[in-house]
Protein chains: 2
Amino acid sequence: MTRRILIVDDVPTNRIILKVKLNAACYEAVQAASGSEALELARRHPPDLVLLDYMMQGMDGVAVCRALRADPATAQVPVIMFTASGDDSAKIAALRAGADDFMLKPIDDKILLARIRNLLRTRSGELAESSAAMDGFGLAEPAAAFDAPGRVALIAPRPETALRWRGALAPHLPGPITLMGREAALDGSGGPVDLYIIMEDKGGPGSGLQLMSELRSRPGSANAAICLVLPASAQADAATALDLGADDVLRDGCDAAEAALRAQALIARKRAGDRQRARLAEGLRLAVTDPLTGLHNRRYALPALGRMLADAANQQRPCAVLALDIDRFKSVNDRFGHAVGDAVLAEVAARLSSALRPGDLIARIGGEEFLVALPDVTEGDALALAERLRRSVAERPFAVVADEAGLQVTVSIGLALASPAHAADAVLACADRALMAAKADGRDQVITSRQSAA
Amino acid sequence: MTRRILIVDDVPTNRIILKVKLNAACYEAVQAASGSEALELARRHPPDLVLLDYMMQGMDGVAVCRALRADPATAQVPVIMFTASGDDSAKIAALRAGADDFMLKPIDDKILLARIRNLLRTRSGELAESSAAMDGFGLAEPAAAFDAPGRVALIAPRPETALRWRGALAPHLPGPITLMGREAALDGSGGPVDLYIIMEDKGGPGSGLQLMSELRSRPGSANAAICLVLPASAQADAATALDLGADDVLRDGCDAAEAALRAQALIARKRAGDRQRARLAEGLRLAVTDPLTGLHNRRYALPALGRMLADAANQQRPCAVLALDIDRFKSVNDRFGHAVGDAVLAEVAARLSSALRPGDLIARIGGEEFLVALPDVTEGDALALAERLRRSVAERPFAVVADEAGLQVTVSIGLALASPAHAADAVLACADRALMAAKADGRDQVITSRQSAA
């Protein structure tokens, strides 16, 4: 359960000081005295986070960071780099190599621990668990939709500050950078945003922190990346900002190249989250989808039918249920093989779907069996719709065989009207009996349950 | 996108003051002048949150809150109740009716807005989205496992404080209440906890807040409920605590019955989150599971096989793939019907599974086709395992028909050894060719791809 942090530094004293601090904060600390030792340790058993010295004998911090990022096993492990004496170019090199943060020694313990918490928190959230489960699926990530350049919103108390920042960032970022008011950000009228950069007001301290908390509580911005820009005088607030959920904290007046690199990293991380969410949604969709026809499967259909019948009963509205079966389907498989049989199933599903109204329910509930539920219809309407479904299949042959004339396919349909007293099973059983009557009576027809009972 | 908050108060001035505050914070405010009007509005279009006056002409706040909780459409909507003059009994009545918080007028705007953000945030998180998707599935919630009484941990700077709280809470809470140290909470050695109650130290202000942030960043406690107890002198920290992710804030010295009611509500909410996470995991599991046999489905099997072969190639270890098919399965369906055919599939799956080693992969990839992958085996081991699978099916008849002698079922198996140069498709194709050779050669046997090529 305890998080393991790898300390990489070639000076033993530095490692020991860090180790004591981390142990006091209840982290497990592992030490590496060189870059190559660090990479070997990390590869064998990836740590939860890496604290990495910039200047080391042999392989330096930037090279270690690049190697960690290049290995799939460690590519996602957060890295904080630090140095005793470094100029802006060291910082830029570290960020460019993929470090999540860069700190100057002596390190402020409060900010270091807040940054560690912040980086670890995003990896222990609710999404992380499902994501790990999803990794087992091997579902292709729907990447293309997320390739548009990131949208950045700048929120500053004074327009000249925002304009200065836009001027500095624009050459480095490909996407639009919008100056946005607090209200437009909160009520969503500013449009969708990937990264909010919020300038803390020197006059009203804490207003930026509060806006961030507001954005986190609103559905449109809960998952956006948020970067807080603090005046040089308020660096102590950085720890609070990180604990409140800021994804990064910048000092007002920092180098434009640094700000742009951090912004790019935040946008990339936010997009990765979007992809994970999309993959999760896709995983859930697949659980209720028949892969062959793309229709809902039996697992989805029966509870959905139950809900539809309950709604109909509550609202005193009629509802019809159809049991539908492809006629002599087994002989298709026997004569032409499974591939043709599959093509017939897919084409029947497509024809039925396009003949239905929005809001109607259709599902494949067995090999060649379909369930259709029609809310809010009279018996006459239901019969007409069922006839339309039957005709949509029978009216023209299926181009699924080599024979130019195609294959003639028909369906039989049993129709039952739901009455408020009926449970889903009972209505379905009525429709099934009517379907059997339709089969017995010669197929390619619709029979209502009243007819079949008569 | 803007969140809608329903204000219920029979004094117009009060409603208008609240509405102005909410609008300034970019919320949409809807007003109701009586309890019955509130219920009608809420039922028609459930708001995101309700601010509810305790004392009203006609239906009072407690009755309105109970009615909201009783209606499935509004049962989950957060409710904050407030009153101008109320004693502890009013507070207890409000919490007992299901209110999430109770505030005395005049209301501190900062705390009110922080509480609103806090309550809305839990409903716009990552889990909320997937949960909404899951609602469409109608999956039964796995409730039973979560029925054990909640485990509470008390973390206090001084043991006498913790003992006093335990004495006050114990009569009201059925589950264990453990006194826990900061380290035991952070490194997980204190065991699993549903609710952490953290006493803020008067000496070191902010240490409770920091501990909370630490717990939120650790996987074992990220999803636990956390309640912060602040000294009467530090009530201003309540807003910060709520924004930092506290689920509730208590004043030290508050009534034991109130603390117990809030603790119960927090435990119940945490358990509801657990159930949603379990439901989500179950939904994802279903996406890769064949409902008939409980084995993995084709969607899971092919990427999993690819990963297994890649690992084997990386580690220079052998790996075998079996294509397995039930002999003359169609005749089972034809002679005995689909129900018996389904029972045969399920029994074959069960027998194969129990003959495999942990870590082996088995999946149903078609009607009567199974895929088995065996990591880390020599050709001799793989052949022996394949023979064991074949025998497990053939060795005794299946008790799936009325006939006392049962039904004799056999399987044919094609075996291919993966070489590092092989892609998953190629290995599977080899196994398939060997399977066809096994079928052609009389069924109920194992053929290796080398034999079939010879």
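Worth knowing before you read on, the calculation uses all heavy atoms, side chains too, and leaves out hydrogens, waters and symmetry mates. Every chain is numbered from 1, with letters handed out A, B, ... down the list of sequences.
For a residue to count as touching a neighbouring chain, one of its non-hydrogen atoms must lie under 4.5 Å from one of that chain's; by this rule B:K330 touches chain A with the side chain only. Looking at B:A301, there are no atoms closer than 4.5 Å to chain A (heavy atoms on both sides), in backbone or side chain.
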- Task: Could you check B:E28 against B:I5 for side chain to side chain contact (heavy atoms under 4.5 Å, CB included), going step by step and ending with a plain yes or no?
- Result: CA-CA 6 Å; B:E28 186 189 336; B:I5 297 179; over 6 Å; no
Between B:R307 and B:D311, is the salt bridge (charged side-chain N to carboxylate O under 4.0 Å, His left out) condition met? List the steps. CA-CA 6 Å; B:R307 283 194 302 274; B:D311 285 351; over 6 Å; no
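More than 12 heavy atoms of other residues, nucleotides or ligands shown are found within 6.0 angstrom of CZ on B:R4.
Taking 4.0 Å as the cut-off between side-chain N and carboxylate O, A:D290 and A:R298 do not count as a salt-bridged pair.
Between chain A and the options B:A25, B:G245, B:G366, the largest number of non-hydrogen pairs under 4.5 Å is found for B:A25. Options A:N333, A:I116, A:D334, A:L209 differ in how many heavy-atom pairs under 4.5 Å they form with chain B, and the most are formed by A:D334.
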